[in-house]
Amino acid sequence: MWIAYWAAAGSLTALFLVAGVTKLLRSRTALKTAGMGYVDDFTDAQVKLIGAAEIAGAAGLILPMLSGIAMGLSPVAGFSLAALMAGAVITHARRGEPFLVPLVLAVGSVAAAVLGLLLLG
């Protein structure tokens, strides 16, 4: 089960780190030009906060399990990322945009959280 957890958590961490860093480093205009039209619904600060939440969640998926310190935080991070992606699904669906990617990330985040709980159990 450790292998399944690390496969899920590692993949999700890489994806959320890239997404979060992109939102932190690029302007809303640059993000919109890159195809992220949803940024029109948010302020600059909100987009940066979403990026920071993605980075914090990515770190939370792996660092507690890797260090053996406060390992219960990894499932919390997984469920938190799933909640964030649920918001993304709603936002994209409301705008009539494709929402498969955030839906898959939400399901993967729940899977990682459940695997983490099973490992701690």
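Hydrogens, waters and symmetry mates are skipped; everything else that's a heavy atom, side chains included, is used. For this chain, numbers begin at 1 and follow the sequence in order.
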>> Can you give me the closest heavy-atom contact between Gly116 and Tyr5, atom names plus distance?
In response: N-CD1, 3.7 Å
>> Test of understanding: clusters of I, L, V, M, F, W, Y form through side-chain heavy atoms closer than 4.5 Å, transitively. Do Met71 and Leu119 belong to the same one?
In response: yes
>> If I compare all heavy atoms of Ala82 with all of Ala106, which pair ends up nearest, and what's the gap?
In response: CB-O, 3.7 Å
>> What's the separation between atom CD1 in Ile55 and atom OG1 in Thr13, rounded to the nearest 0.5 Å?
In response: 12.0 Å
> Transitively linked via ILVMFWY side-chain contacts under 4.5 Å: Met85 with Val21?
Replying inline: no
> Is there a path of hydrophobic side-chain contacts, each under 4.5 Å between heavy atoms of I, L, V, M, F, W or Y residues, that connects Leu66 with Phe16?
Replying inline: yes
>> Tell me if the CZ atom of Phe79 is crowded by more than 12 foreign heavy atoms within 6.0 Å.
In response: yes
> Looking at Ser109 and Gly78, what are the two nearest heavy atoms and their distance?
Replying inline: CB-O, 3.3 Å
> In the single-linkage hydrophobic clustering (I, L, V, M, F, W, Y; side-chain heavy atoms under 4.5 Å), do Leu17 and Leu61 co-cluster?
Replying inline: no
> Should Leu120 and Leu118 be regarded as members of a common hydrophobic cluster, given that ILVMFWY residues are connected when their side-chain heavy atoms come within less than 4.5 Å of each other, either directly or indirectly?
Replying inline: yes
> What closest approach, in Å, do Ser74 and Gly60 show between heavy atoms, and which atom pair accounts for it?
Replying inline: OG-O, 3.0 Å
> Taking atom CZ of Phe99 and atom CD1 of Ile90, what is their separation to the nearest 0.5 Å?
Replying inline: 10.5 Å
> Should Phe42 and Arg28 count as side-chain neighbours, where that means a heavy-atom distance under 4.5 Å?
Replying inline: no
>> Once rounded to the nearest 0.5 Å, what's the spacing between atom NZ of Lys48 and atom OG of Ser27?
In response: 7.0 Å
> Tell me, do Trp6 and Leu115 make a side-chain contact under 4.5 Å, heavy atoms counted?
Replying inline: no
>> Distance check, rounded to the nearest 0.5 Å: Ile3 atom CD1 versus Met1 atom CE?
In response: 11.5 Å
> Between Leu24 and Gly51, what is the shortest heavy-atom contact and its length?
Replying inline: CG-C, 4.3 Å
> What's the spacing between Asp41 CG and Arg94 CZ if we round to 0.5 Å?
Replying inline: 4.5 Å
> Is a side-chain donor or acceptor of Lys32 paired with a backbone partner of Gly37 at a separation under 3.5 angstrom?
Replying inline: no
> Say you draw a straight line from CG of Leu49 to CG of Asp44; how long is it, rounded to the nearest 0.5 Å?
Replying inline: 12.5 Å
> Would a 4.5 Å heavy-atom cut-off, applied to side chains only, mark Val47 and Met36 as touching?
Replying inline: no
> Which atom names give the shortest non-hydrogen contact between Pro64 and Ala70, and what distance separates them?
Replying inline: CB-O, 3.3 Å
>> Do Leu12 and Leu81 make a side-chain contact, defined as non-hydrogen atoms from C-beta onward lying under 4.5 Å apart?
In response: no
> Do Gln46 and Lys23 have side chains that get closer than 4.5 Å, going by heavy atoms?
Replying inline: no
>> Side chains of Glu54 and Val18, heavy atoms from C-beta outward: is any pair under 4.5 Å?
In response: no
